[in-house]
Protein chains: 2
Amino acid sequence: MGRPSLQEQRTAEILTAYELCVARHGLDGATQERVAAQAGVKRTLLRHYLGNKDEMVEALIKHVVARFNSETDQMIAALPKTARPKALLDILFGPLGITETASVLTINALGAASDRFPKARTGLLAAMERMHDAVAKELSQDYPDADITACRAAAFGICHLYFSIDSLMMLDPPQDWLDQARQAANTHLLNLEGTLK
Amino acid sequence: MGRPSLQEQRTAEILTAYELCVARHGLDGATQERVAAQAGVKRTLLRHYLGNKDEMVEALIKHVVARFNSETDQMIAALPKTARPKALLDILFGPLGITETASVLTINALGAASDRFPKARTGLLAAMERMHDAVAKELSQDYPDADITACRAAAFGICHLYFSIDSLMMLDPPQDWLDQARQAANTHLLNLEGTLK
DNA sequence: AAATTGATTGTCATATTTGAAAATTTATTC
DNA sequence: GAATAAATTTTCAAATATGACAATCAATTT
């Protein structure tokens, strides 16, 4: 009984706002005031739902890692039945990218502070490895004759090219760059086509 | 007459400390206190040499862009007479990288705040373009038969793979990743060898 | 409509950050 | 060693950030 809980909803709203602030201002620059303003709530609500600052950071790390993993899953799930690698590049380097919430910037900021937050380090490493693996799996399925090591290298190249591009979106880079990124990513596919085991 | 000026030396020391703090804590998390502690001076000296916070940020941007350009030049200057592209990969993905001062992390943090500091945006874009051009030039010189567009794409892929790797060094990634990065970068060279105009 | 559970707001003390200026110290030249 | 220019330290006020807790408001159940 009693008033229905908004715990989940509010927590998600606040963490999304937090994510955005961290992307723009860095982990230590994402003050409670800023996050509260971004989320459109009073600062004291942050404490109510997420506890003190250390606990907020812990929650943020979990949230970011979960989102990262979720986006990896969505990306794979969105692939068609055929020509999956090309479609994957369309998703990563297409007009949108997965870049809704500047998530790679948040990841960078968390990574930069990972010496103070060990869980950020382990969580991000695991999430990235997970993405590497998912992409590598796609590649070796579509290029069954290619060397597995080559597939992993290609997957790595594609993933991190995407990370770099996504980090740079704040700079509003020229279209050239996006085209080159796409072409560079495609090079990895071409290489797998050409190089047999 | 009068006491000899330490302007240049102190300014450089402070900006280097500032750079490090921005890499770790983000632009807004790099407080004057932190920078002063990192530089080993009193906080008020920052003001003495660099003015108020906005002026400090402006100076930091100039410093970072200058360093970036300088490192690009050094990198090119360090290449041997022959097999320059391979040597370039050795520099970028070798045991050290150019990663002395976590400069790519600083660049990420500045980029993330570039909507508030237009000079960061223009400066970083120009410096990156400069690096792209330098690498592309090396590639097209060593692979004169390769398409110029392909060279640019390869240069882009190599540069940004490096950026991504360098950003991730704080996570102390497994050796695998570094190997894969190197191999992925090398793929771009192989592609230029194989693809003729 | 009374009780209850949780959302929301308000307040206060404390600590950190920043800005600004004055006072002091130190190294050089004449 | 007096004058001088610059480094360095000291000090104070204002703004911002955080933590902790109390008070109020709103929706649901019995």
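First the proteins, then the strands, lettered A, B, ... as listed; each starts at 1.
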Within the 3.5 Å criterion, strictly below it, is a donor on B:Asp179 or B:Gln183 matched to an acceptor on the partner's side chain?
no
Quick check: A:His160 with B:His160 (ring centres under 6.0 Å apart)?
no
Would you say C:dT18 has OP1 or OP2 under 4.0 Å from some side-chain N or O of B:Arg47?
no
B:Asn108 versus B:Ser167, side-chain donor and acceptor atoms under 3.5 Å:
yes
Check each residue of residues 24-36 of chain B for a non-hydrogen atom within less than 4.0 Å of any atom in DNA chain C, then write out the ones that pass by number, or none.
B:Thr31, B:Gln32, B:Glu33
A:Leu6 near the nucleic acid: base, sugar-phosphate alone, or nothing, with a heavy-atom cut-off under 4.0 Å?
sugar-phosphate
For DNA chain C, determine which residues of residues 48-62 of chain A have any heavy atom closer than 4.0 angstrom to one of its atoms, and list them numerically.
A:His48, A:Tyr49
Should A:Arg43 be listed as having a side-chain N or O under 4.0 Å from OP1 or OP2 of C:dT8?
no
Pairing residues for A:Lys119 by the salt bridge (charged side-chain N to carboxylate O under 4.0 Å, His left out) criterion, not counting sequence neighbours
A:Glu58
For the pair made of CD in A:Gln9 and C1' in C:dT8, what is the distance, rounded to whole Å?
14 Å
Counting side-chain heavy atoms from CB outward, which of C:dA7, D:dT8, C:dT8 is closest to A:Arg10?
C:dT8
Please tabulate the protein-to-nucleotide N/O contacts below 3.5 Å involving nucleotides 25-27 of chain C, giving atom names and distances.
from: C:dT26; atom 1: O4'; to: B:Arg3; atom 2: NH1; distance (Å): 3.3
from: C:dT26; atom 1: O2; to: B:Arg3; atom 2: NH1; distance (Å): 3.4

When the distance from CG of B:Leu45 to P of D:dA6 is rounded to whole Å, what number comes out?
15 Å
Quick one: SG on A:Cys21 to CG on B:Asp28, what's the gap to the nearest 0.5 Å?
10.0 Å
Using whole Å, report how far CG of B:Leu46 lies from C1' of D:dT9.
14 Å
Take atom CD of B:Glu8 as the centre, draw a 6.0 Å sphere, and report whether it contains more than 12 heavy atoms from other residues, nucleotides or ligands.
no
In terms of heavy-atom contacts, B:Phe163 and B:Phe68 come closest through CZ-CZ, 3.7 Å
Assess the pair A:His25 and B:His25: is the distance between their ring centroids shorter than 6.0 Å?
no
Name all residues meeting the side chain to side chain donor-acceptor pair (under 3.5 Å) criterion together with A:Arg43; count only those two or more places apart in sequence or in a different chain, and write none if there are none.
A:Gln32
For B:Gln9, look at atom CD and say whether over 12 heavy atoms of other residues, nucleotides or ligands are found less than 6.0 Å away.
yes
What residue pairs, at least two apart or across chains, pass ring-ring contact (aromatic ring centres under 6.0 Å, His included) with a residue in residues 27-58 of chain B?
none
